[in-house]
Each structure stands twice: as C-alpha cells, then as structure tokens.
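No experiment lies behind these values; they were computed from the predicted model shown.
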Amino acid sequence: MNERQEILRRRLEALGFDEVRFASLQPRPAGGLRAWLAAGYQADMGWMERTAEKRLDPQRVLPGAVSVIALGVNYWSERRPEGQGRAAPVWARYALHRDYHDTFKPALVAAGKAIEESLGAADSDYRYYADTGPVLERGWAARAGLGFIGKNAMLISRQHGNWLLLGAILTRLPLEADPPPGQKHGDDVGVYCGKCTRCLGACPTQAFPAPGVVDSRRCISYQTIENRGHIPEELRPGIGLRVFGCDVCLDVCPWNRFAREGRRTLLAAREEITRLSLRDLLELTPDRFRQAFKGTPIFRGKLAGLLRNACVAAGNSGDTGLLGPLQALAQHESEIVREHARWAIGRLQGVAEAGGGA
C-alpha cells in the first residue's frame, strides 16, 4: 500500500474513525436501486427517487471522481437501549447519542484537511458525506471491504457486527484500493450469511419481501422516524414498545458475536434517555421535549412524531395506568396524535375489559 495513503489512514483513525479503507469507484457496486424504487419500497421518501441518478453515478456528485475513502464508526454498546420495567420504551441504539450528523461533521472537515496535507489535494478534489448526500455509502463501504451487505440489507462487519455508522469521501485522487477481505465480493447480498435467515424471520412487521430488500412501507424504522403521518393500523401491534427506530434485524444477527465496544471518540452517549418511561413520553411538553432530546436524532422527528409513537407503544403495553395521559392526548392539537391516542385507548380499554392491565 502507498506509504502516503497509510499515513492518511493513521491520521483518519486518530480522528476517531474505527475503519478507514480505500476503493476505486469502478466498477460501481451491484445493487437494485432502480428496481427498489420501481416497486415503491421507498414509501414517501421522494428524495431517494430525485437523487437516484446521482447515487448510481458518483460523477454526477463530483465530476472526475475516481476513488472513495470509506469510513466506519463502531457504535456497539453492551448496554441495552431500553429502560427498566415491563413497559419501558425501546429505542434504536444509534439514537442514544448526540446526532452523529453533527458529531461526524468536525471529523470530516479535519479528514479533508488531512487529505490535502497527506496527498497534496486541493479542497475541490474531494467531497465528504455521512448519510446526508446522494451517495450509496453502504455499497461503497462493502466494495472497500468494511463488511458485506447482509440479508437484513445492512452492512455487516466481520469485526464489528451490524454496528457501524458510515461516512464516505469521494475524491478525484487515484488511490490504491485496499485488497478485498476475502475471495467473495462484499457487495453481493448475503455473501457471508450462509443459510441463516434469522433477520428475515424476526422482523415484527414482515418488511423483507426478499433477502437484502426492505419495504420501507412495512419497516418500523421508517414508520417511527421518516413517516410524519399516520402509521397504518395493521402495523401498530408489531411495533411493540419501540418509540424510535428498530434494531430487531440487527440484534439477531450471529455476526454480532464479534462486536466489541469501540473507542466512541466521535460519539457522545445520551443514556439518560433510557430513564424516561412511557408516561414521561406521553406527558412531554415542548419545553421538556427540547430539554430531553435537543441535539439527538430524536429531536429531528419533532414532538408530535414522538408523541404519536409513544401512543402506539402505550397501546401495545397492556398498562391501563396510561389511560389518563392518553385521554389528554386525545385532545391534542395534532390530529395525528389525537388519532393514535384514541387507537391506544381502545387497545387498553380492551385489556381492562378482559381483566388485565396494571
């Protein structure tokens, strides 16, 4: 490997990136983005369709780009992403930190400076992204050898399991590609999954029409984060107590046995969030919401979205002690919150009539 690239790799690792690998932008990763869009699996994420051609062709993002630097940050933690008690809300692991878009930004700026100093690049010779631009970070990460695309459609690392946050730097510099980690192509779906289908069977809402393909319309992460409208009633029972995102298809993966807690240099834990009960969430005011969640990914979902999700979780909790705050939310200014609160009340009243509940 080129000595200057190895110096750059060490500098990027020192910035907090747990994985740094280089790859050529040719050939492009195999993938079915067009077929995925044609099937409507993007739901109402219109930006996926509007930026599809850029995602498929890095030249439309950075003319003259020939290489990519794939970056990964390990966010695995032994601590569970839910609080105490039988009806504690459940959060996606990544959400229990300051928003990684914000914490990555200074490191990516510093990475750009390192590229200029180590490789003699100009600031116009590269562009960096962390889930904020029209770049297929997952595909390029697989091509660079950070991992492979699993049947759960996630990047799975043989060192970190399912728990890498990804970034990508496109550059016009002709970098020497890292050798592939094995004989198989890392961007072939399920290449190291073998016969395992745990992720497909574990999905509570059956969001996988095929291995490696997610139907966002049925995905709990989409419904509780990206969807700003009504959650389909047929999916609500499967959401369980999840109030922001879903890690089920990640949690069950056998590759996680290799996961170890990382340096967390670019992560700032917000574990106090797990101390909030469902009642706390149902009783959030704008001020309390801001105090509890500002600076986290949850804050971007807005108060009404979290109240909606908390109503669904409350309806699934079996805890009739939550009827009071739900009845208050049935008068909320947001029609979406009101409807989900009424649904939850109906569920819990059925529990009460059956003689259950808290």
inquiry  = Between Arg93 and Glu261, does any side-chain N to carboxylate O distance fall below 4.0 Å?
reply    = no

query = Would a 4.5 Å heavy-atom cut-off, applied to side chains only, mark Phe208 and Lys151 as touching?
reply = no

task = Begin with the C-alpha distance, continue with both residues' side-chain angles, and end with the deciding distance and a verdict on side-chain contact (heavy atoms from CB on, under 4.5 Å) for Ile115 and Ile69.
result = CA-CA 10 Å; Ile115 291 171; Ile69 305 172; 3.8 Å; yes

inquiry  = What I'd like to find out is whether the side chain of Ile273 reaches to under 4.5 Å of the side chain of Phe293, using heavy atoms alone.
reply    = yes

query = Any idea which heavy atoms bring Pro134 and Thr51 closest together, and the distance?
reply = CB-CB, 3.8 Å

key: Donor-acceptor pair, side chain of Asn256 and main chain of Val252, under 3.5 angstrom   = no

task = Would you indicate whether the side-chain heavy atoms of Ser67 and Thr171 approach each other to under 4.5 Å?
result = yes

key: Glu226/Arg300 salt bridge by N-O under 4.0 Å criterion   = no

ask   = Has the side chain of Asn74 got a donor or acceptor atom that lies under 3.5 Å from a matching backbone atom of Arg260?
value = yes

task = Decide, yes or no, whether a salt bridge links Glu283 with Arg279 under the criterion of side-chain N to carboxylate O below 4.0 Å.
result = yes

query = Does a side-chain N-to-carboxylate-O contact under 4.0 Å join Glu234 and Arg218?
reply = yes

ask   = Is the distance between the ring centroids of Trp140 and Tyr129 less than 6.0 Å?
value = no

key: Shared hydrophobic cluster for Leu15 and Phe22 (ILVMFWY, side-chain gaps under 4.5 Å)   = yes

request  = Quick one: pull up CZ in Arg236 and CZ in Arg308 and give me the separation to the nearest 0.5 Å.
outcome  = 9.0 Å

key: Test: Lys105 and Asp102 ion pair at under 4.0 Å   = no

message = Which residue is it: Leu329, Leu281, Leu278, Ile231? I am looking for the one with a side-chain contact (heavy atoms from CB on, under 4.5 Å) to Cys311.
response = Leu329

task = Dump the intermediate steps for salt bridge (Lys or Arg N to Asp or Glu O under 4.0 Å) on Glu272 and Arg270, then the final yes or no.
result = CA-CA 5 Å; Glu272 72 276 10; Arg270 293 287 301 273; 2.5 Å; yes

request  = In plain terms, say whether Glu13 and Arg10 are close enough for a salt bridge, that is, a side-chain N and a carboxylate O under 4.0 Å apart.
outcome  = no

Check: Leu155 and Ile149 side chains under 4.5 Å, non-hydrogen atoms = yes

ask   = So, for Leu200 and Pro211, which heavy atoms are closest and what is the spacing to 0.1 Å?
value = CD1-CG, 3.9 Å

query = Can you find a heavy atom in the side chain of Gln42 that is under 4.5 Å from one in the side chain of Trp36?
reply = yes

query = Any luck finding a side-chain donor-acceptor pair between Asp18 and Tyr75 under 3.5 Å?
reply = no

query = Nearest heavy-atom pair of Ala314 and Leu326: which atoms, and what distance?
reply = CB-CD1, 4.0 Å

query = Quick one: are Leu241 and Pro89 in side-chain contact, heavy atoms under 4.5 Å?
reply = no

ask   = Side chain of His332, backbone of Ala328: donor and acceptor closer than 3.5 Å?
value = no

message = Restricting to non-hydrogen atoms, name the atom on Leu12 and the atom on Ala114 that form the minimum distance, rounded to 0.1 Å.
response = CD2-CB, 4.3 Å

key: Distance in Å, Asp178 CG paired with Ser24 OG, rounded so as to fall on 0.5 Å steps   = 12.0 Å

message = Could you check whether any side-chain N or O of Asp44 sits under 3.5 Å from a backbone N or O of Asn227, counting only pairs where one atom can act as donor and the other as acceptor?
response = no

Working for salt bridge (Lys or Arg N to Asp or Glu O under 4.0 Å), residues Glu49 and Arg55 = CA-CA 10 Å; Glu49 192 161 5; Arg55 293 175 187 275; over 6 Å; no

inquiry  = Could you see if Val243 belongs to whatever hydrophobic cluster contains Ile220? Use Ile, Leu, Val, Met, Phe, Trp, Tyr and a side-chain cutoff under 4.5 Å.
reply    = no

ask   = Are the side chain of Asn309 and the backbone N or O of Thr224 linked by a donor-acceptor pair below 3.5 Å?
value = yes

ask   = Stepwise, does the side-chain contact (heavy atoms from CB on, under 4.5 Å) test hold for Trp255 with Phe148?
value = CA-CA 11 Å; Trp255 281 100; Phe148 66 96; 3.4 Å; yes

message = A side-chain contact here means heavy atoms from C-beta on lying under 4.5 Å apart; do Leu165 and Phe104 qualify?
response = yes

query = Are Leu166 and Val189 grouped together when hydrophobic residues (ILVMFWY) are joined by side-chain heavy atoms under 4.5 angstrom apart?
reply = yes

query = Got a sec: does the CZ of Arg198 have more than 12 other heavy atoms crowding it under 6.0 Å?
reply = no

ask   = To the nearest 0.5 Å, how far apart are CZ in Arg138 and CD1 in Ile156?
value = 10.5 Å

key: Whether Arg9 side chain and Val20 backbone form a donor-acceptor pair below 3.5 Å   = yes

key: Nearest non-hydrogen partners of Ala259 and Trp163, listed with the distance   = CB-CD1, 4.0 Å

ask   = Same cluster for Leu170 and Val66 if Ile/Leu/Val/Met/Phe/Trp/Tyr side chains link at under 4.5 Å?
value = no

Side chain Asp287, main chain Arg290, donor-acceptor under 3.5 Å = no

request  = Look only at the side chain of Arg264 and the backbone of Trp76, and say whether a donor-acceptor pair between them is shorter than 3.5 Å.
outcome  = yes

ask   = How long is the gap from CG on Leu62 to CG on Asp57, to the nearest 0.5 Å?
value = 11.0 Å

request  = Check whether any side-chain N or O of Ser216 sits under 3.5 Å from a backbone N or O of Cys219 as a donor-acceptor pair, and report yes or no.
outcome  = no

ask   = With a 4.5 Å limit on heavy-atom distance, are the side chains of Gln223 and Val312 in contact?
value = no

Heavy-atom closest pair, residues Ser118 and Ile7 = OG-CG2, 4.3 Å

query = Is it true that Phe299 and Trp91 fall in one hydrophobic cluster, defined by side-chain heavy atoms closer than 4.5 Å?
reply = yes

ask   = Can you check whether Tyr41's main-chain N or O pairs, donor with acceptor, with Arg217's side chain at less than 3.5 Å?
value = no

